[in-house]
2 protein chains.
Amino acid sequence: MNSAKHRPTGAAFLLAQLGAHAAGRFADRIGHLGITPAHAGILRFIARMPGLNQQRLAKFLGVLPSRMVLLIDELVDKGLVQRRRSTKDRRHSELVLTKKGERTLERLSKIVVAHEADLCGALTREERDTLARLGRKIVDHQGLTPDVHPGYRNL
Amino acid sequence: MNSAKHRPTGAAFLLAQLGAHAAGRFADRIGHLGITPAHAGILRFIARMPGLNQQRLAKFLGVLPSRMVLLIDELVDKGLVQRRRSTKDRRHSELVLTKKGERTLERLSKIVVAHEADLCGALTREERDTLARLGRKIVDHQGLTPDVHPGYRNL
DNA sequence: TATTGTTATACTCTATAACTATA
DNA sequence: TATAGTTATAGAGTATAACAATA
């Protein structure tokens, strides 16, 4: 591979390749918690904005409402999230983490740190900071929403 | 988002986010050619190793043989690839690009350059080189095969 | 009439395994 | 008996659209 007449792999392909790898490895790492990366992202959002409803969450992440129902169903079934009918507008369900959900989120944080350390194991601390800085620059320039994975996007 | 009590987005998530974005944008860019990123990757490999057979290609990319059949079928239907029964071992089919396939590959190269320029538009030439260098370092350290997207992996 | 949440259906994708032909 | 390629089938995932409850 990579014979002389082909140019070295470009940054765009590297990002796609590494991104898929990182996502796959992360899915492996959290598998034993019984949740997928999509669930993990939702847990984070509910923790930050407790009480938000499904439609707003769906719109924010770029998920179809019907898919969000299933995702939340699964989190409820696992005892990580609770739906509470809003008393102000009984059409809304306010989403909150259960105690178990909070503990899962704490475990997730530790997994994220380990995942990060492994994935960037080839880099010095300084290089890792540089990579993150350049990454944030691209996220900003491309108009991406920080902390929202495009894998949700189905609209 | 990103309120004070949350740490800044880590490199691993940024890679996953940007990778999915890059892959999605690339798919958009080549859509008018009537092919998917998976097809594009296969075209590149056939160009580099003309005459290779489906099983070897499938093994190299990490695709199930049955899926490779469909992918090649589609490329044949579009007139980009030709299957030739090997005269040495008639079980093998040697894969080669057609003239149209070669032209498509040239168009792909131009699209890759434009894609790269857009995606890294926020970075200076030097920053882009740094990003690619760090990316290659991680690819190597993680044991990934250069130029092979993990999206193929279904084994 | 509009909105939230939910359910039903149809469709796509693809992993598995059986099968053909060559060796 | 083993390998390359192919086909058939079944299951998972999900987009679409219809629906119920509330406003």
Side-chain angles (χ1 to χ4, degrees), chain A residues 20 23-24 27-28 31 34-42 45-46 49-78 81-96 149-155, chain B residues 20 23-24 27-28 31 34-42 45-46 49-78 81-96 149-155:
Chain A
D28 292 342
I35 60 174
T36 66
H39 294 126
I42 289 173
F45 271 87
I46 295 177
M49 311 172 174
L52 92 172
N53 66 54
Q54 293 184 193
Q55 299 267 358
R56 273 189 51 200
L57 181 56
K59 190 152 200 172
F60 198 71
L61 294 179
V63 176
L64 291 167
S66 60
R67 192 183 164 210
M68 183 58 75
V69 170
L70 296 181
L71 287 166
I72 300 294
D73 276 352
E74 288 154 1
L75 289 170
V76 169
D77 288 346
K78 293 183 189 307
V81 167
Q82 194 187 348
R83 281 184 176 104
R84 284 201 287 225
R85 279 288 167 202
S86 168
T87 51
K88 296 174 183 172
D89 183 337
R90 295 178 39 72
R91 289 174 301 182
H92 295 72
S93 62
E94 299 171 345
L95 301 172
V96 288
H149 193 286
Y152 285 110
R153 292 238 135 264
N154 299 118
L155 296 185
Chain B
D28 292 342
I35 61 173
T36 66
H39 294 127
I42 289 174
F45 271 87
I46 295 178
M49 311 171 175
L52 91 172
N53 64 57
Q54 292 183 193
Q55 299 266 357
R56 273 189 52 200
L57 182 56
K59 190 153 200 172
F60 198 70
L61 295 178
V63 175
L64 290 167
S66 61
R67 192 184 165 209
M68 183 57 75
V69 170
L70 296 181
L71 288 166
I72 301 294
D73 277 352
E74 287 154 1
L75 289 171
V76 170
D77 287 348
K78 293 183 189 308
V81 167
Q82 193 188 349
R83 283 183 175 105
R84 285 201 288 226
R85 278 290 167 201
S86 168
T87 51
K88 297 175 184 172
D89 183 338
R90 294 177 41 72
R91 287 175 303 184
H92 295 72
S93 62
E94 299 171 345
L95 301 173
V96 288
H149 193 286
Y152 286 109
R153 294 236 136 266
N154 299 117
L155 298 183

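All chains are named by letter (A, B, ...) in the order of the sequence lines, taking the proteins before the strands, and each is independently numbered beginning at 1.
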Next item on the list: With A:Gln54 as reference, evaluate A:Arg83, A:Glu94, A:His92 under the side chain to side chain donor-acceptor pair (under 3.5 Å) test and give the passing residue.
Entry: A:Arg83
Item checked: Audit row: A:Leu75, A:Leu71, side-chain contact (heavy atoms from CB on, under 4.5 Å) steps and yes/no -> CA-CA 6 Å; A:Leu75 289 170; A:Leu71 287 166; 5.6 Å; no
Check: Expressed in angstrom and rounded to an integer, what is the separation of B:Leu64 atom CG from C:dT14 atom P?
Finding: 10 Å
Next item on the list: Quickly work out the A:His39 NE2 to D:dG13 C1' distance and round it to whole Å.
Entry: 12 Å
Margin query: Ignoring hydrogens, what is the shortest heavy-atom contact between B:Pro65 and B:Gln55? Give both atom names and the distance.
Written below: CG-OE1, 3.8 Å
Notebook entry, point to check: Separation of A:Asp73 atom CG from D:dT14 atom C1', in whole Å?
Noted result: 15 Å
Item checked: B:Arg83 side-chain proximity, nearest of D:dT6, C:dG5, C:dA15 -> D:dT6
Next item on the list: Using atom CG of B:Asp89 as one end and atom C1' of D:dG5 as the other, report the distance to the nearest whole Å.
Entry: 11 Å
Note to self: So, OP1 or OP2 of D:dG5: does either fall under 4.0 Å of a side-chain N or O from B:Arg91?
What the structure shows: no
Check: Rounded to whole angstrom units, what separation is found between the NE2 atom of B:His92 and the P atom of D:dA2?
Finding: 17 Å
Check: When we call it a touch if two heavy atoms are under 4.0 Å apart, what does A:Gln55 touch: a base, just sugar-phosphate, or nothing?
Finding: base
Next item on the list: Would you indicate which nucleotide in C:dT22, D:dA4, C:dT14 comes nearest to any side-chain atom of B:Arg67?
Entry: C:dT14
Check: B:Arg85 CZ to D:dG5 C1': how many Å, rounded?
Finding: 6 Å
Next item on the list: Could you check how far CG of A:Leu70 sits from C1' of C:dT9, rounded to whole Å?
Entry: 13 Å
Checklist line | Smallest separation among heavy atoms of A:His39 and A:Glu74, with atom names | finding: NE2-OE1, 2.7 Å
Note to self: Measure NZ/A:Lys88 against P/D:dT22 and give the value in whole Å, please.
What the structure shows: 19 Å
Check: Any N or O donor-acceptor pair linking the side chain of A:Ser66 to the base of D:dT16 at under 3.5 Å?
Finding: yes
